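In what follows, a structure is listed as structure tokens, so that the remarks can point back to it.
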Amino acid sequence: MKKNIIHCLVFLIVFTSTLFAGNKKDKLLYKDAKQPIEKRIEDLLSRMTLEEKVMQLNQYTLGRNDNANNMADPVNDIPGEIGSLIYFSSNPELRNKVQKKAIEQTRLGIPIIFGYDVIHGFRTLYPISLGQASSWNPALVEKACAVAAQEARMSGVDWTFSPMIDVARDGRWGRVAEGYGEDTYTNAIFAAASVKGYQGNDLSSEKNVAACLKHYIGYGASEAGRDYVYTEISKQTLWDTYMLPYEAGVKAGAATLMSSFNDISGTPGSANYYTLTEVLKNRWKHDGFVVSDWGSIEQLRPQGVAANKKEAALKAFKAGLEMDMMNRCYDNHLGELVKEGKVSQEQLNEAVRRVLRVKFRLGLFDRPYTPESTEKERFYRPENLKIAEQLAEESIVLLKNQNKTLPLRRVSKIAVVGPMAKSQWNLLGSWAAQGKSEDIPSIFDAIKAEYKNQAEVSYALGCEFDGNDRSKFEEAKSIASKADVILFCLGEKKDWSGENASRSSIALPKIQEDLVMELKKLGKPVILILSNGRPLELNGLEPISDAILTMWQPGTPGGKPLAGVLSGRVNPSGKLAMTFPYSTGQIPIYYNHRRSARPHQGKYQDIPIAPLYEFAHGLSYTTFQYADLKASALSLKPDGKLTMEIAVTNTGDVDGYETVHWFINDPVSTISRPVKELKFFEKKMIKKGETATYQFIVDLKRDFGFIDEDGERFLEAGDYYVMVKDKKIKIEIVN
Ligand code: BGC
């Protein structure tokens, strides 16, 4: 008996060790983390069937979105072979459950990549991108994106559909909230900063997510500010206005891009071989993948370039679009198209290779599951809240401050009036991901806390955001009559901007203007506090306001940064990244327009041609004096080196941040060029009484040269101007 047991044991040991050795030997190459990624991809590809390959190129949803437009029901029985899912949840358990199916119940165990719109934060929200741009602090934006990435990845999201870097010059378009404003260079800088923040140095880290540059390309040019419509973009404009941010994002390492909805002068962004393949893949050597926008392949039909879904799939795929977001075009037709020989095996392999590459880089094959953690471990870490608060502070733009109305120091009674005063929801901004309005301090609560024991703070609604109901005016008047100062908290509801949220007029609704007019009669200082997702038309209220500021939609910090600006605890430093037109009729209006043939004519008969607040406008509580510009050389050869400098002195009585914007102007060139082009900016803290020197190291070809309609850069001999505020200096390039 004993002998038998010993025999059995020996057999078991020999058997299991052979099994183990066998396993080790047979370990599939693509599952071996020690092998180089490219080898793993090829090994996996060689094992995949046509159907398995096609499934990698599709994205369905898991859970429901908060975007009214994208309310598709969750697919009930998600196939484990699916390439990607949009993950509308903050709970890693759900992800892990679905991932388990992919890993354990499919033949090859290919992990799913979970994507989500983490646009300005995940749970900890920071200001909308248009506000972030007004901070002119890309290093801080990078940190905020890193916070978003950490919260998202720990919650089961591997991939964010961000940043949106669509240059946009029409404030009627709701999506201006999601981008970094009207300027090409600004969008390029913030594109790179956010990609670095999301992706860090190592995509496989459990704190980082893959970025997605969107919407490639030209979506911001939507005609008349309407969503999803045609865009007329010449190749010249494509290159000099829209391409640079994408090129910068690709250079920064963005793992993916999203193709756009818009029809670009006859060829929609999702069927555009030139942009998707010639430029992105051939010229910029991007080796990640492109996902369609929601339904944008299928929409090639209504756009009039495909007769049916199959043709749409063929056009999009051939153009270079690898993943189908919610169209059901690739999963239904791509296999067939391969069998018919309309799509080659190699083309299919290349698309799958790109998707797998991003999955491998994210480490999904080696760590497919998200470690479980508590919400406390994931969200609202104190250091992260600080970043959001600083970014919200720096994004506030003081537009007007007559007679130093602000900061409000010696006041004992403050009336806080208006529909935004107690609203938390509207401060979230569009695409609020997993943000929670109940965690946001309202403007009223924040002001009360800021002025605790110093001033009595009273409140009246006054009116709703829109409509005609004036019945609450009297109550507001009576409360305001007892105060030293009236703070009007006005602006736009959360869903007045964002996707499919265009407005024909960017003016504040009349009822809000009427409320101000009515209370103005009390003769007290009028301070407008605006929360908005786009530039607003303010010409009616501007003349009667003592101070105006915009806090955009600040996210989680809510009213606190604003309260700090009101009390003087925070010195405002934001400057506009998008022009505030005098009125809607001036749109499109932007600082870097091209020259007019008759500058002295061509004006409006009824309104001025100047905007109300121009690009880069923003006041501080201190004053800055700019010395003259200095150049290391006034005349140079095209390969010369040029460094520009300007000294700025804080001549006021508080410390303050100052952003210096460096513009160039090329008055005569082969192609007509804008009156001003931003080429560099830098923000510095200057203590009161101190001077800081700002430097711009010019790369002549990059900064003075122009780009042509094929994307080639040229530097011509001639005169150029470098400009900072009202200072300018002529630099000559000689051959
Ligand atoms: C939007 C994209 C977004 C996608 C997924 C689309 O409707 O245009 O910006 O990333 O939905 O939610």
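A quick note: this is a predicted structure, and the numbers were derived from the prediction, not measured. If you read the sequence from its start, that first residue is 1, and numbering goes on from there. Order of listing sets the numbers, starting from 1, for every ligand and every atom in it.
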Is it the case that more than 12 heavy atoms not belonging to K100 sit under 6.0 Å from its NZ atom?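 Result for NZ/K100: open.
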
[X]: heavy atom below 4.0 Å from ligand 1, yes or no?
X: W431; answer: yes
X: R175; answer: yes
X: M164; answer: no

Compute the ring centroids of [X] and [Y], then answer whether they are less than 6.0 Å apart.
X: Y216; Y: Y246; result: yes
X: Y185; Y: W136; result: no
X: W159; Y: F289; result: yes
X: Y219; Y: W173; result: yes

Looking only at N/O atoms, are [X] and ligand 1 under 3.5 Å apart anywhere?
X: E178; answer: no
X: W294; answer: no
X: E499; answer: yes

Atom indices of ligand 1, in the order listed, that fall short of 4.0 Å to a heavy atom of [X]:
X: K214; answer: 2 (C), 3 (C), 9 (O), 10 (O)
X: M258; answer: 2 (C), 10 (O)
X: F161; answer: 10 (O)
X: D293; answer: 1 (C), 2 (C), 3 (C), 4 (C), 6 (C), 7 (O), 8 (O), 11 (O)
X: F261; answer: 7 (O), 8 (O)

TODO: Would you sort out whether L362 and R367 count as a side-chain contact (heavy atoms from CB on, under 4.5 Å), showing the intermediate values?
DONE: CA-CA 9 Å; L362 278 162; R367 285 183 315 280; over 6 Å; no

Is there side-chain contact between H215 and S296, with at least one heavy-atom pair below 4.5 Å?
->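 With C-beta onward as the side chain, the pair stays apart.
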
Ring-plane angle category for F122 and Y116, please: parallel below 30°, perpendicular beyond 60°, tilted otherwise.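 Judged by the thresholds at 30° and 60°, the geometry between F122 and Y116 is perpendicular.
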
